[in-house]
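Heads up, the thing below is written out as structure tokens.
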Amino acid sequence: MSINQTAPSVGLRASSGGQVVTRVPGAVETDRVRFARRRRIKDNLLRWGTPVLVLSLWQLTTALGVLDEQFWPAPASVFAKAWETIQSGLLPEHLGVTVQRLLTGYLAGAIAGVALGLIFGTVRSIRVALEPIISALYTVPKLALFPFMLLVFGLGPAPKIIMTALAVFFITCISTSAAVLGVSDAMHEPIRSFGATRMQTFRHLIVPAVLPEIFVALRLGSGTAVLVLIAIEMIQGSDGLGFVIWSSWQVFDTERMYVGIIVAALMGVIFQMGVKAIGRLLVPWKPR
Amino acid sequence: MPDKIQVHGVERVFGTGPAAVAALGPMDLNIRSGEFVCVVGPSGCGKSTLLRVIAGLIPPTAGEVTLQHEDLRTTLMSVVFQDYSIYPWKTVEDNVRLGLDIKGVGKAEAKPMIEGWLQRLGLLNFRSAYPHTLSGGMRQRVSIARAMAVEPEILLMDEPFAALDAQLRLVMQEELLALWQQDRRTVVFVTHNLDEAILLGDRVVVMSSRPGTVIEEFVVPFPRPRSTELRGTKEFAALEAEIWKMLRQEVRDMVLEQERAGA
């Protein structure tokens, strides 16, 4: 009888007719500390090494002329351009405009969405009356409403802020309402058996119970809000990151275009991570 | 004085029209003040429904429940639920304080009351822990402490140990026995475990399969204070056998009905 030994922890010995199966500690189990350290080093190398490798390859291929510098400016020149736009004050100015719009619109939309969602979840008649309308509006492509907003609110910052607010409003409203309805009877019964008022039920049960789901919606909404805002800045107005990206493309300044794209991406990532961090602070009971 | 809990012709139907299911009754049951009554019956017989009707969590569709609230300064009743219905966002201490929070008792005033119950249920060292870090037995202790902290006149328990493993269940039964024997309040204890019912109860009420009605009552003759050694006695085994004889037919009927419904 011949059996291939696949792992060191399993040994097989043939004896007359049968076999003896043994299980012994493998390399990982005998030196767990070293194994953990080696894995950590390996993970970090992969985590940081991969982007560095990609950037180096990119730099190398442009330097060798494999990629056309007109479309693929080398990372080094993009960084140089970024520094230049920071020094000239162009980038801080437009980034500031976009961040301000983003935060104003996002906060307004999130607060309105959570508030209305909580009302939907608790007051049946309002939910029955309004939820179909909200659900229908949710599926309308928000960008299609932009010309209408311009007509009503003019060319100032208001239409952009409202559009950003709408991007987060619907998803938080619908998720919050669903989360409130999803709080199980088993969770409602204890507090009802103590005779809690509606406000007490809200404070001790509903709000903490739905917080985790609200933060999932807020994180999803943060991505959509950035997307909508940048897109709108591209099509109308003369400030903000979207404008920087679009106008750079129009004058074929690809380096500045890349700077705009990268800064917008970083802004989105940091924003989303910030929302997540706040969520973790407010939901300390969740196992990590 | 009238009985503490009087259940008169109580019925409960769930749903309407052709989908309506008669879950309970008509049910009659009287429970004296300070009595520990165990309700047993096949699953789905409506024993939890009965408990919820008494607790005021669901209204009866017919009949009436009358409760005597002797001292209006105390809480009439509290409930210990089957699943660990304690709140994951509250620490052990905050969970135990829930009933007092709802009553509007201030934190400072509540503190000594809470601490007494944390102590008695062995939870003092875990007071700041969140429930997800606790074992099943610990969570059910929190649930019991939460119900006891308001010092209710009536304690309603809905299969409180059903989710625990067999050994832990024995330990918790012992603890409840000791706890109750200190300050005999009125208890309605729903279970499907005969042995548990006989060990804890002054009286065991046997319910029929759905819709549940009382088919028999057994007075448990063993003197108090009891201990878990009672289980080993011949009399205990005899009583258990007698109740099981009553219940076996009901459980069979339930299984047959389910098979018919499934076919």
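Chain A is the first sequence line, chain B the second, and so forth, proteins listed ahead of strands; every chain is numbered from 1. The analysis underlying the following values was restricted to heavy atoms, covering all of them including side chains, and did not include hydrogens, waters or symmetry mates. From a predicted model like this one, the values you see are computed outputs, not experimental measurements.
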Heavy-atom closest contact (B:F81 atom, A:P190 atom, distance): CE1-CA, 3.5 Å
Enclosure of B:F14 CZ (heavy-atom neighbours >12, cutoff 6.0 Å): yes
Chain A-proximal positions within residues 92-124 of chain B [heavy-atom distance under 4.5 Å]: B:L98, B:G99, B:D101, B:I102
Atom group of B:V150 that falls short of 4.5 Å from chain A, counting heavy atoms: side chain
Straight-line distance of B:W89 CH2 to A:L211 CG, nearest 0.5 Å: 9.5 Å
Heavy-atom pair count under 4.5 Å with chain B, highest-scoring of A:G195, A:A196, A:P212, A:S184: A:A196
Neighbourhood of chain A inside residues 31-63 of chain B, taking heavy atoms under 4.5 Å as contact: B:R52, B:G56, B:L57
Interatomic distance, B:S85 atom OG to A:M187 atom CE [nearest 0.5 angstrom]: 7.0 Å
Any A:K286 side-chain heavy atom under 4.5 Å of B:H132 side chain: no
Within 6.0 Å of CZ in A:R34, more than 12 heavy atoms from elsewhere: no
Heavy-atom pair of closest approach, residues B:P88 and A:W285: O-CB, 3.1 Å
